[in-house]
*Asks:* 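One structure is given below, represented as structure tokens, and several questions about it will come after.
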Amino acid sequence: MSKSSTVTARERPVEEVATANAGGLTIHGETLVVHTEERIELVDLTNDVMEFVRRFSMREGLVSLWSMHTTCSLFINEFQTALLIDIKRFLEEMVARDADWLHNNPEHSDCDRMNADSHLRALLLGHNLTLQVSGGEVVLGQWQRILMAELDGPRARSLRIQIFGIS
Amino acid sequence: MSKSSTVTARERPVEEVATANAGGLTIHGETLVVHTEERIELVDLTNDVMEFVRRFSMREGLVSLWSMHTTCSLFINEFQTALLIDIKRFLEEMVARDADWLHNNPEHSDCDRMNADSHLRALLLGHNLTLQVSGGEVVLGQWQRILMAELDGPRARSLRIQIFGIS
Amino acid sequence: MSKSSTVTARERPVEEVATANAGGLTIHGETLVVHTEERIELVDLTNDVMEFVRRFSMREGLVSLWSMHTTCSLFINEFQTALLIDIKRFLEEMVARDADWLHNNPEHSDCDRMNADSHLRALLLGHNLTLQVSGGEVVLGQWQRILMAELDGPRARSLRIQIFGIS
């Protein structure tokens, strides 16, 4: 049984900026870097995503947001200090950091981050969001915010954002 | 520390109906309103989504379903009365309604709905689905149903549905 | 109260292969069958999805992966033997197989698979992924693998994979 994780290798790394146009359809992708300061931290990305979409004056379409990391999640919820504390507490209670996880055991794992809890918490939240664009803006409810969950920080996290639609 | 939640404001509200066409690609979005009667209720939206897709005679593409609320989720599962009762029980057991959540504490939160449990349950289920359309119909397995989880009803809930593809 | 589950019926079953082209946009879908050998099993589909995408020399776009089953999930995580054992243990601890679920009770359910736990575990992981394609390849981080969770095997599982974009 190997202690190592499988590496995912593209033939070429993801380019910083990539665009394609055909028959009125535009696809445009970029990388967004977010710096975190805590081990578990919830970051509000809503304004970044809204500004990205407005920049393209795309009328109708989709915008995809993808976390490039296994221990960094994306999800929708309300942004209120009290609720963010509840969410962090909930994640910590759902997955015990100090349980006897094999991923944290040097006999079975060559990962020295001891972050099994981060992987399992990410499992619950997921790694991507596919949002609608309509009337030139992201479709979101009044209390919905696009949140990133840093689950093993502090780190610099790369997110890929891609817009896809008709101008 | 603010007791309030951040509000998401588009420059214009989402329009009831929005369409764009270019080079054989069609994008069409609408709002669907669902009225619920219980605090926690599971609603089967499969027939609504199937009828929406059939209405556009779009051959291949995607259909995105988005809940406009933080405490109303969308997910896939089997629709059977016994299993729905199990799902509700599971959600109630995973997140205790009466735990000492800060979001329910007037000292820390100006939300008077006392619905921290609803926010945390929605975290587990997610707020959107992006389904495939093929041969003019939604791609779903024999036992798969598109379900909405009302987690803080009764309420009127808005869902946005957008179809995206080639006729 | 019916003991049966609602069946989802398309007018025609999903075709093995479906393609549409218009104005430089290509949409192509296929079915992928995965055979599992355990009741709970985690399968790495990354190479299959990467090869599918490379086959179409599509430059920018999206690729959607959809599990056609209620008890078979798709998610992103790291692929390491120790961590996979932790993920299985976590799913087993989060949802007790032998709790008194109604779906497993012949008085309330005509399902003879006794698999309420499988349905509830799938609820946590979800049934689909919508990934970005850029520069002709799937956008994934170095440690991200596309994983399928068999939650009620052994079975033959059908996944639908659809690519959508500009060549």
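Proteins come first, then strands; the chains are lettered A, B, ... in the order of their sequence lines, and each starts at number 1.
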*Asks:* Identify the heavy atoms of C/E150 and C/E38 that sit nearest to each other, and give their distance.
*Replies:*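 That would be CG-O, 3.7 Å.
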*Asks:* So, A/E30 and A/R55, do they make that salt bridge, N to O below 4.0 Å?
*Replies:*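 Salt bridge present between A/E30 and A/R55.
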*Asks:* In the structure I gave you, are the side-chain heavy atoms of C/L45 and C/F52 within less than 4.5 Å of one another anywhere?
*Replies:*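 Counting from C-beta outward, C/L45 and C/F52 never come under 4.5 Å.
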*Asks:* Pick one of side chain, backbone, both or neither for A/L159, based on which atoms fall under 4.5 Å of a heavy atom in chain C.
*Replies:*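 Neither part.
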*Asks:* Is chain C contacted by the side chain of A/I163, its backbone, both, or neither, given a heavy-atom distance below 4.5 Å?
*Replies:*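 Neither; nothing under 4.5 Å.
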*Asks:* Where do A/D117 and A/R39 land on the salt bridge (charged side-chain N to carboxylate O under 4.0 Å, His left out) test, with the steps shown first?
*Replies:* CA-CA 11 Å; A/D117 62 316; A/R39 185 163 193 270; 2.8 Å; yes
*Asks:* So which of C/G24, C/A82, C/A22 has the biggest tally of heavy-atom pairs under 4.5 Å with chain A?
*Replies:*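 Answer, by heavy-atom pair count under 4.5 Å with chain A: C/A82.
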*Asks:* Between A/L129, A/L120, A/V14, who has the most heavy-atom pairs with chain C when the cutoff is under 4.5 Å?
*Replies:*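 That would be A/L120.
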*Asks:* Is it the side chain or the backbone of A/L62 that comes within 4.5 Å of chain C heavy atoms, both, or neither?
*Replies:*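 Looking at A/L62, just its side chain touches chain C.
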*Asks:* For A/E11 and C/R54: C-alpha separation, side-chain torsions, deciding distance, then whether salt bridge (charged side-chain N to carboxylate O under 4.0 Å, His left out) applies.
*Replies:* CA-CA 10 Å; A/E11 289 172 2; C/R54 283 174 183 152; 3.6 Å; yes
*Asks:* Below 4.5 Å, heavy atoms only, C-beta onward: do A/M68 and C/L140 meet side chain to side chain?
*Replies:*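 Counting from C-beta outward, A/M68 and C/L140 never come under 4.5 Å.
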*Asks:* With only heavy atoms counted, which part of C/I85 is less than 4.5 Å from chain A, the side chain, the backbone, both or neither?
*Replies:*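 Only the side chain of C/I85 comes within 4.5 Å of chain A.
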*Asks:* In terms of heavy-atom pairs under 4.5 Å, which option from A/H108, A/H28, A/H69 contacts chain C the most?
*Replies:*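 Max contact count across the listed options: A/H69.
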*Asks:* Checking C/F75 against chain A: side chain, backbone, both or neither under 4.5 Å from a heavy atom?
*Replies:*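 The side chain, not the backbone.
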*Asks:* So which of A/D110, A/N21, A/T70, A/T130 has the biggest tally of heavy-atom pairs under 4.5 Å with chain C?
*Replies:*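 Greatest number of close heavy-atom pairs with chain C: A/T70.
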*Asks:* Taking every heavy-atom pair that is under 4.5 Å apart, which of A/N128, A/L123, A/T71, A/T19 has the most such pairs with chain C?
*Replies:*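 If we count pairs closer than 4.5 Å to chain C, A/L123 comes out on top.
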*Asks:* C/L125, C/N77, C/L91: which one forms the most heavy-atom pairs within less than 4.5 Å of chain A?
*Replies:*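 Top count of heavy-atom pairs under 4.5 Å with chain A: C/N77.
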*Asks:* I need the minimum non-hydrogen distance between A/S2 and C/T81, along with the two atoms involved.
*Replies:*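 Between these two residues, the closest heavy atoms are O-OG1, 3.8 Å.
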*Asks:* Against chain C, label A/Q162 side chain, backbone, both or neither, depending on which of its atoms sit under 4.5 Å from a heavy atom there.
*Replies:*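 Contact with chain C: backbone and side chain both.
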*Asks:* Any idea which of C/Q142, C/Q132, C/R145, C/R89 has the most non-hydrogen atom pairs under 4.5 angstrom with chain A?
*Replies:*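 With the most close heavy-atom pairs to chain A, the winner is C/Q132.
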*Asks:* Where on C/L131 is there a heavy atom nearer than 4.5 Å to chain A: the side chain, the backbone, both, or neither?
*Replies:*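 For C/L131, heavy atoms of backbone and side chain both lie under 4.5 Å from chain A.
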*Asks:* Assess the residue pair C/R157 and C/D152 against the criterion (salt bridge (charged side-chain N to carboxylate O under 4.0 Å, His left out)); give the C-alpha distance rounded to whole Å, side-chain angles, the decisive distance to 0.1 Å, and a yes or no.
*Replies:* CA-CA 10 Å; C/R157 298 300 201 170; C/D152 187 30; 5.2 Å; no
*Asks:* Any salt bridge linking A/K88 with A/E92? Criterion: basic side-chain nitrogen under 4.0 Å from a carboxylate oxygen.
*Replies:*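 Salt bridge: no.
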*Asks:* Is it the side chain or the backbone of C/V133 that comes within 4.5 Å of chain A heavy atoms, both, or neither?
*Replies:*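 C/V133 touches chain A through backbone heavy atoms alone.
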